[in-house]
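The next block holds one structure in the form of structure tokens; read it before the comments.
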Protein chains: 2
Amino acid sequence: MPRPPDPAVRTALVEQAAAMLVAREPVTLRALATRAGTSTMAVYTHFDGIAGLWAAVRQEGFGRLAARLADVAPTDDPVRDLAALGAAYAAHALTHPALYRAMFDAAADLPDPEAAGAAFTVLVDTAARARDAGRIDADPLAVATRQWAAGHGLILLVISDVLPRAALAEHAPPIITAIVAAAGDDPARCAASVRAGWSG
Amino acid sequence: MPRPPDPAVRTALVEQAAAMLVAREPVTLRALATRAGTSTMAVYTHFDGIAGLWAAVRQEGFGRLAARLADVAPTDDPVRDLAALGAAYAAHALTHPALYRAMFDAAADLPDPEAAGAAFTVLVDTAARARDAGRIDADPLAVATRQWAAGHGLILLVISDVLPRAALAEHAPPIITAIVAAAGDDPARCAASVRAGWSG
DNA sequence: CGCTAGGTATAACAGGGTTATGGGACACTC
DNA sequence: GAGTGTCCCATAACCCTGTTATACCTAGCG
């Protein structure tokens, strides 16, 4: 009997919020509602307030990230793939810095953590392939976590204008190489793989 | 001829703001003024608004960080010192997570960047000692930057409850070891030094 | 075809930062 | 040492934000 919620309104709100975030405009309830062609109340029926909207935006951000990482085609060199994933991850973050920041503002409580987990799983799986191929002998989960943490920190420092943009290309490959080599890979071979994967 | 601004009011405001941040209370202008025993206008005369107050708080945070790092007594093993600095840095961040977060919300524009630079300089100098001692042959600035970025990312993920607190002790030493070893140090010796430095 | 339940719009509310306004204390002048 | 001007600080209004109350009105069912 009731009128069903319009899914189009929900997606429009999330899209607009993400767009405003990218455009570096302040995401206020009224501005968002106006841009989405609706009223402020829609945010409450669909998301139960602006906190819920942020959660949906974070979810959207992790979904886009996972999609972007899934687009990285695996090769027969898993270490190269690891670096390629890092490059894709960094590209996503640098293209949408505000969205990336928002994603980690409260990344712990996502509506559907699986989506975020999917992005991370790609990393772990690639590290596992590296182990299966005999390139590394350390725990793939540990290697993936270290890659992620190090990349996250470097990206945030660049986004925050603490380090120049060039710092990413200068330091990311050496860091990836260091972690993978420490996990057991041959340093020279590892460096070559990372260089190839990072460049694309 | 005018009445000079009271420095005590200024410091009281910064201290109270930092305290409220640590106590995880929302830092509002009115609550802050009440706790500092003054009025909201004091924030404007001393800091030109709450944005300026945040800048002062960030400055305070970097000052405390620099002080804490300066307390780390150098030994004859620079790699060990590097790990000890990392441990002190992490301890500072985990003790005051909200303050650490605030520090990097806009770390690019500090009133006096030198204070923040001082904290970083300790890292660079220690890396330079490692090079002078023949432990590493890479650029000390690059090594320090990589340590910082990787540690920053790991700490933020822990603070954000994305990774468990135990992840810090699990991953920080291996990451430090990986970066320093990749810079030229002997892997086994490096691991031992880092272990010693991290434990204190 | 009417009834009803729930989404949407409008408007009032609470709390945040900022901006006027006035008083009062300090330092400088004579 | 009294006068005086300058700005620090307290009070109170303002605007904008998120939230909540209320009314409408649409969509589905008996």
Side-chain angles (χ1 to χ4, degrees), chain A residues 1-60 98-99 101-103 105-106 109-111, chain B residues 1-60 98-99 101-103 105-106 109-111:
Chain A
M1 322 159 185
R3 176 177 174 189
D6 190 354
V9 173
R10 182 192 163 92
T11 59
L13 283 171
V14 175
E15 299 271 331
Q16 278 300 326
M20 293 171 76
L21 220 46
V22 170
R24 307 193 183 197
E25 300 171 25
V27 180
T28 77
L29 214 53
R30 286 168 177 77
L32 174 65
T34 302
R35 283 182 178 262
T38 179
S39 170
T40 62
M41 280 307 297
V43 175
Y44 285 82
T45 62
H46 287 282
F47 305 104
D48 191 46
I50 206 166
L53 176 83
W54 283 118
V57 168
R58 289 195 297 272
Q59 189 78 46
E60 172 76 13
L99 181 57
R101 258 183 182 277
M103 282 166 58
D105 267 353
D109 44 66
L110 282 175
Chain B
M1 318 169 168
R3 175 180 173 189
D6 189 353
V9 174
R10 181 191 166 94
T11 59
L13 283 171
V14 175
E15 300 270 333
Q16 278 299 329
M20 294 172 75
L21 219 46
V22 170
R24 309 193 181 196
E25 298 172 26
V27 181
T28 78
L29 214 54
R30 288 168 177 80
L32 174 64
T34 302
R35 282 183 177 262
T38 178
S39 169
T40 62
M41 279 308 297
V43 175
Y44 285 82
T45 61
H46 286 281
F47 304 104
D48 191 43
I50 204 164
L53 175 83
W54 283 119
V57 169
R58 289 195 296 272
Q59 189 77 48
E60 171 75 13
L99 181 57
R101 258 184 182 279
M103 281 166 59
D105 268 354
D109 44 66
L110 282 175

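In the text below, chain A, chain B and the rest are named by the order of the sequence lines, each starting its count at 1.
Atom-to-atom, CG of A/D48 to P of C/dG7 comes out at 12 Å; the value is rounded to the nearest Å. The distance between atom OH of B/Y44 and atom P of C/dG17, rounded to the nearest whole Å, is 7 Å. Per the geometry, CZ belonging to A/F47 stands 13 Å off P belonging to D/dT19, to the nearest Å. Taking atom CE on A/M41 and atom C1' on D/dC25, their separation rounds to 15 Å, with Å as the unit. Atom CZ of B/R10 and atom P of D/dC9 are 12 Å apart (whole Å). In this entry the distance linking CG of B/L32 with P of C/dG16 reads 12 Å, nearest Å.
In this model, the phosphate group of C/dT8 is not approached by any side-chain N or O of A/S39 to a distance below 4.0 Å at OP1 or OP2. Phosphate contact (OP1/OP2 of C/dT8, side-chain N/O of A/T45, threshold under 4.0 Å): present. Close to C/dG17, at under 4.0 Å from its OP1 or OP2, lies no side-chain N or O of B/T40.
Closest heavy-atom contact between B/F47 and B/A56: CE2-CB, 3.5 Å. Taking both residues in full, the closest heavy atoms of B/A102 and B/W54 are given as CB-CZ3, 4.3 Å, listed atom of the first, atom of the second, then distance. Smallest separation of non-hydrogen atoms from A/V27 and A/I50: O-CD1, 4.2 Å.
Checked against D/dA10, D/dT20, D/dC9, the side chain of B/H46 finds its nearest nucleotide in D/dC9. Closest approach to the A/I50 side chain among C/dA9, D/dT19, D/dC9 is made by D/dT19 (side chain taken as heavy atoms from C-beta onward).
The residue A/V43 sits apart from the nucleic acid: no heavy atom pair falls under 4.0 Å.
Between A/R101 and B/D105, some side-chain heavy-atom pair lies under the 4.5 Å cut-off. Residues A/R58 and A/D109 have side chains in contact (heavy-atom distance under 4.5 Å, counting atoms from C-beta outward).
For the contact set between residues 18-30 of chain B and DNA chain D, defined by any heavy atom under 4.0 Å, the members are B/R30.
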Show me the side-chain donor-acceptor pairs of residues 31-42 of chain B shorter than 3.5 Å, one per line, residues at least two apart or across chains.
unit_1, atom_1, unit_2, atom_2, d
B/T34, OG1, B/R30, O, 2.9
B/R35, NE, B/E25, OE1, 3.4
B/R35, NH2, B/E25, OE1, 3.0
B/R35, NH2, B/E25, OE2, 3.3

